[in-house]
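Sequential numbering from 1 along the given sequence is applied to the chain's residues.
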Amino acid sequence: AWGGALFFVRTNTLPPDYHLFTSEPVSLRSVHGILTHAVSFDAKSLIQFGILLLICIPIIRVLALLVSFFTQRDWIYTVITLLVFVILLFSLLGVM
């Protein structure tokens, strides 16, 4: 939300150009670049950082469940959660 508000405040005087699509800069296409620019409160990088958080939260949650089921020695749920984790990673990396 902060990135969107900051982006709106800084660019509200510019007229929108809907006829030309411009992608994000190369520096905002990698995790390192997003984190580097987010520290300096760049609006677009804060928006990208928020999207990264939204992607990472379910993955971290499944990983925490995997560790929890493994430590409880619940092998059925461990295998199921491991399968879900592998599917999440494959879909994130675009392997399938």
Side-chain angles (χ1 to χ4, degrees):
W2 287 106
L6 189 63
F7 183 76
F8 179 72
V9 166
R10 290 186 181 171
T11 62
N12 66 350
T13 58
L14 300 174
D17 185 15
Y18 296 115
H19 300 296
L20 179 65
F21 175 76
T22 55
S23 66
E24 295 302 319
V26 177
S27 63
L28 294 180
R29 295 183 192 171
S30 68
V31 176
H32 182 325
I34 292 171
L35 294 177
T36 304
H37 291 270
V39 173
S40 65
F41 293 104
D42 178 45
K44 287 185 177 182
S45 62
L46 285 175
I47 294 170
Q48 293 284 71
F49 181 69
I51 292 171
L52 272 177
L53 282 179
L54 287 174
I55 291 171
C56 289
I57 287 172
I59 295 171
I60 293 170
R61 184 176 179 183
V62 171
L63 187 61
L65 282 172
L66 181 64
V67 170
S68 174
F69 290 140
F70 183 77
T71 57
Q72 294 175 5
R73 298 179 189 264
D74 193 349
W75 304 122
I76 293 174
Y77 284 113
T78 300
V79 170
I80 292 171
T81 309
L82 181 64
L83 182 65
V84 169
F85 185 69
V86 167
I87 290 171
L88 276 173
L89 287 181
F90 278 149
S91 65
L92 182 66
L93 299 174
V95 176
M96 290 183 160

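Applying the 6.0 Å contact sphere to CG of L53 captures more than 12 heavy atoms from other residues, nucleotides or ligands.
Looking at T71, its side chain does come within 3.5 Å of a backbone N or O of S68 through a donor-acceptor pair.
No continuous path of ILVMFWY side-chain contacts below 4.5 Å connects V67 to I59, so the two sit in separate hydrophobic clusters. No path of Ile, Leu, Val, Met, Phe, Trp and Tyr side chains, each step under 4.5 Å between heavy atoms, connects V79 with L82, placing them in separate hydrophobic clusters. Criterion: ILVMFWY side-chain heavy atoms under 4.5 Å apart, direct or through other members. Under it, I55 and L65 are not part of a common hydrophobic cluster. Under a hydrophobic-cluster definition in which Ile, Leu, Val, Met, Phe, Trp and Tyr are linked whenever side-chain heavy atoms come within less than 4.5 Å, directly or via other members, I57 and I51 are assigned to different clusters. Note on L63 and F69: separate hydrophobic clusters, where clusters join Ile, Leu, Val, Met, Phe, Trp and Tyr whose side-chain heavy atoms are under 4.5 Å apart, directly or indirectly.
Put simply, CG on L88 and CD1 on I60 are 12.0 Å apart, with the number rounded to the nearest 0.5 Å. Residue L46 holds its CG atom at 8.0 Å from OG of S40, rounded to the nearest 0.5 Å.
Between F70 and W75, a ring centre-to-centre spacing shorter than 6.0 Å is recorded.
F90 is listed as a side-chain neighbour of V86, based on a closest heavy-atom distance under 4.5 Å.
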